[in-house]
Every structure is written in C-alpha cells, then in structure tokens.
2 protein chains.
Amino acid sequence: MAAKPKAGPSNLREACISEALQIIEDAGIEGLSLREVARRLGVSHQAPYKHFPSRDHILAEILARCFDEFAMFLDQRPPSTDPFIDLRGMGERYMAYAQLHPVKYRLMFNTPMPDPDAHPQMMRNAQRAFALLRDRLKDMKLRPAGEFHPSSASLDAMFVWSTLHGLASILQSDTLRTLQMSDIELQQAMSRCFARLSLALIPLP
Amino acid sequence: MAAKPKAGPSNLREACISEALQIIEDAGIEGLSLREVARRLGVSHQAPYKHFPSRDHILAEILARCFDEFAMFLDQRPPSTDPFIDLRGMGERYMAYAQLHPVKYRLMFNTPMPDPDAHPQMMRNAQRAFALLRDRLKDMKLRPAGEFHPSSASLDAMFVWSTLHGLASILQSDTLRTLQMSDIELQQAMSRCFARLSLALIPLP
DNA sequence: TCGATATAGTTGACATTGTCTACCTCTGTG
DNA sequence: CACAGAGGTAGACAATGTCAACTATATCGA
C-alpha cells in the first residue's frame, strides 16, 4: 500500500531510474546500458529487466519525468498579468532550464526518442509542456481583436518555440565550439534573440 | 588507371561511405555498424577498418561531406541583389534541405557528433556553412548606418539560425507527432515563422 | 494452516557489435 | 627475384541487449 508497498522491490525500480540518469550525466546517452545500471546497483544484470521490458522503456520513463520537471520549471516564474512580460519570463525559464540541465534538455529535444505511440505517458507529458507555451501566446492577442483564429496561437507558439529551442540547442551543441564564440558573445546572442523575438511578436495585419 | 586503378581497393572506401549512408537512411543512425557495411558489400568484417580507423572516423567523413553538400545547397538559390530577399531565399533553401534530406540534416544537427577536435575537416566544413548565413546578415545593415558593430551580424545570424534550426529540428522530431499537427498546419507554421522573422529583422535602435 | 501463485531476483546462454592481432595475397619496384 | 607494403581475410575478445530456466519469498484463497 501507500506506506511500504513492497518496499524492497519497487525501490529497485526507482533506483534504476535515478542511476540511469546518473549514468547519462556521467557518460552521455551512449554510455547508458541496463547492465551498467545493474552493475552500479550491485544486482544481477537481469534484475532491471524485471521492471523495464526493454531499454526503451526505461528511457521513456526517464523522458516522461523530464518533461514533467521541465513543465513545472516553466511554471515557476515570476507571476505577471501582462502576457508579454509573462511570455518573456517563460522564455527565460526555458533557457535557464536548458542551461541548468543540459543533459536532460538534450535528452528531451536532441536525442532520438523511443516510439511515442508505444509510450503514451511520455507523450502526454511532452504535450503538456508545449501547451503551456501555446496558452501564453493565446493570451497575447496577436491578431486584430475581432478576428477569430484558433490555430494562430499554435503557429506563433511554433515560432517562439523554434527560436528558443534552436538557440538552446545551438548553445550546447558541439557546433558552437567550432565557431569559437566566447561566453560573453553567447550571452549577448541570447539577449539579441529575446530582443528580436519581441520585435517579431506584434499583431499581424 | 582510370578503368581499373586498384578498382577494388580505393573503390571500397567510397563504397563504404555510400553504403553507410544508405544504412543510416534505411535503419537510422543506430543501425549503422561497420560489420553491416562489410556484409552488404560482401567483404570481410574487417575490410572497412583498413580505410577507417574506427566507427567515428567514417561518421566524421560522412558528416564532413554532408556539411559540404549543405553549404553548396544553400548557395544554389535564386540570385538577388536585395539582401533581404537574398536572406529569405537562403532561409527557404535551409528549410528545403532539411525536408529533402532529413536523415542527413539530423545527422549534422541533431545527433551527437564525433569529437570535432579529432576531425578538423568535418569542423571546417561546418564552420563554412555558418559563415554563409552570417555574411548575408552582414549585408543587411541592421544597425543605423553610422554605427560600427562588427559582431552585430553574428548575433543576428545566431537569431536567424536559431529559428531556422529550431523549426527544422522540431518539424522532423518525434515530438511533433505527439502534438498531432497536420501537414497543412506544419506548412502554415513555416510560413508564419518566415513572416515573424521578417518582422524581427528591422534595424535596432 | 497449507499449498498455489505471482513477484523479484539469479544464472546461463546466444547473437551482435567494436576493436585487436595475426595472417594471406597481390602489386609495383629496387 | 626478393621484398615491402597496401588491401583484404580470419579468429579472438569483451561488452551489450535479450531470452529462458531456475529460485526464493511473500501474499492470498481454501
């Protein structure tokens, strides 16, 4: 039950997840193997398979939790009634998350995912994060007041998301190291992106 | 000579590369193994290692060629003396490439790369592609004429690149399948991004 | 209370992969 | 003609995902 529902067993499941995440932090996604998880936990190489049918299943579980954490992180921003300021705050949280949890961010957005259809929980959590962004843009009335464009907010959300994701993705990609940009320049690039985003988000004719 | 200049040997190197790419197209990056390459070519499992010291080396070679092809693709756009139109054309080429060669695009920008320092040719080719974009923005005079901001174009290039890369990356990521967007909506999203980008790229105060 | 059953774990096995080392087999050149 | 070296072959090794069989243990129904 709630207090101690098979304390030992289900602990292994949790332990596997956090240990797997730790391995990914240590050695990258390609360093993750269920055997390594088992080895670190001091159990047999097959024990994790009692809790996860395959390697993809543990990855999907990790991803589901990442999306969840990510969405909560986006929500923890200074409250504002001005939708523009609110969106800006969310954008800053977005970038902050990518900088604070680069491995998890890459895992969510820059790594081939397990088949979403096979892991609906992961899928739902991912959708929820996107909905947050789209709903902020719905509040912003980027179309003349009279018109009704239900999908317009989604399109603008795609635009904002693209820029945020692209920036975050580039900032932590190896590609940047090759462009020899300094940290200061990267900071400036981020500010510039926010400035340009603000310019772009005016009501369309 | 030309007809049969060690027809077997040096051909094998090329054959490995194109076969490897084919494998990636068929089975994804995780389906690529040098043994599979050898198997498909009907040679021993060690033959490819005579031409590539390790799996990363063949990947780096493939990536170098992809970046090269990508840069050339960007350059093959309708010529225009108006820098705004020219940039727009390049953006459209960018998205077209991502759509025409999704596997290669993902390989370049959405997949962990071999260590750039260990593969300088790959790195140089990557830099060249970014320089193309930055130079277009240099032409655009996004700052008041009198001012001199050498790095300003780079910052704006980062912004444009972020949006393009983010959009391309999202468009082909699994994430989108979970958001249940139709093809028409995706097309609209692309148009919207270009429209917003145009709005954003006005001279800064 | 006792036995059935499900759960969680162990051990052993198999195919696949990257990579190492040793061997063969041409081919051109002194 | 010998021979050196490039290109290709063959065998071995450790690591991985996954399958199957076995064991211990705890829970539940009779």
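Chain A is the first sequence line, chain B the second, and so forth, proteins listed ahead of strands; every chain is numbered from 1. Fair warning: this is a prediction, and the values are worked out from it, not measured in the lab.
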ask   = Quick one: which of dT17(C), dG8(D), dT16(D) gets closest to the side chain of H51(B)?
value = dG8(D)
Just how far, in rounded Å, is [atom2] of [N] from [atom1] of [X]?
{"X": "E36(B)", "N": "dG18(C)", "atom1": "CD", "atom2": "P", "value": "10 Å"}
{"X": "R40(A)", "N": "dT16(D)", "atom1": "CZ", "atom2": "P", "value": "12 Å"}
{"X": "Y49(B)", "N": "dA12(D)", "atom1": "OH", "atom2": "P", "value": "18 Å"}
{"X": "L34(A)", "N": "dA15(D)", "atom1": "CG", "atom2": "C1'", "value": "13 Å"}
{"X": "I23(A)", "N": "dA15(D)", "atom1": "CD1", "atom2": "P", "value": "15 Å"}
{"X": "L41(B)", "N": "dG7(D)", "atom1": "CG", "atom2": "P", "value": "16 Å"}
{"X": "H57(A)", "N": "dG17(D)", "atom1": "NE2", "atom2": "P", "value": "15 Å"}
{"X": "I58(B)", "N": "dT19(C)", "atom1": "CD1", "atom2": "C1'", "value": "15 Å"}

inquiry  = For K50(B) and L12(B): C-alpha separation, side-chain torsions, deciding distance, then whether side chain to side chain contact (heavy atoms under 4.5 Å, CB included) applies.
reply    = CA-CA 10 Å; K50(B) 296 294 168 178; L12(B) 182 56; over 6 Å; no
Short side-chain N/O contact to dG8(D) OP1/OP2 from R13(B), under 4.0 Å = no
ask   = Quick one: is dG18(C) close enough that its OP1 or OP2 comes under 4.0 Å of any side-chain N or O from S54(B)?
value =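 So the side-chain polar atoms of S54(B) never come under 4.0 Å of the phosphate oxygens OP1 or OP2 of dG18(C).
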Basic-acidic side-chain contact under 4.0 Å: [X], [Y]:
{"X": "R93(B)", "Y": "D75(B)", "answer": "no"}
{"X": "R40(A)", "Y": "E36(A)", "answer": "yes"}
{"X": "E61(B)", "Y": "R65(B)", "answer": "yes"}

ask   = When the ring planes of Y105(B) and H165(B) are compared, do they come out parallel, tilted or perpendicular, using 30° and 60° as the limits?
value =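 Ring orientation, 0 to 90° scale: tilted.
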request  = Please work out which of the three classes, parallel, tilted or perpendicular, describes the rings of F130(A) and W161(A), given edges at 30° and 60°.
outcome  = tilted
Quick test: give all pairs of protein nitrogen or oxygen and nucleotides 10-13 of chain C nitrogen or oxygen below 3.5 Å, distance rounded to 0.1 Å.
residue, atom, partner, partner atom, Å
dT10(C), OP2, S44(A), N, 2.8
dT10(C), OP2, S44(A), OG, 2.8
dG12(C), O6, H45(A), NE2, 3.0

task = Name all residues meeting the side chain to side chain donor-acceptor pair (under 3.5 Å) criterion together with Q121(A); count only those two or more places apart in sequence or in a different chain, and write none if there are none.
result = R124(A), N125(A)
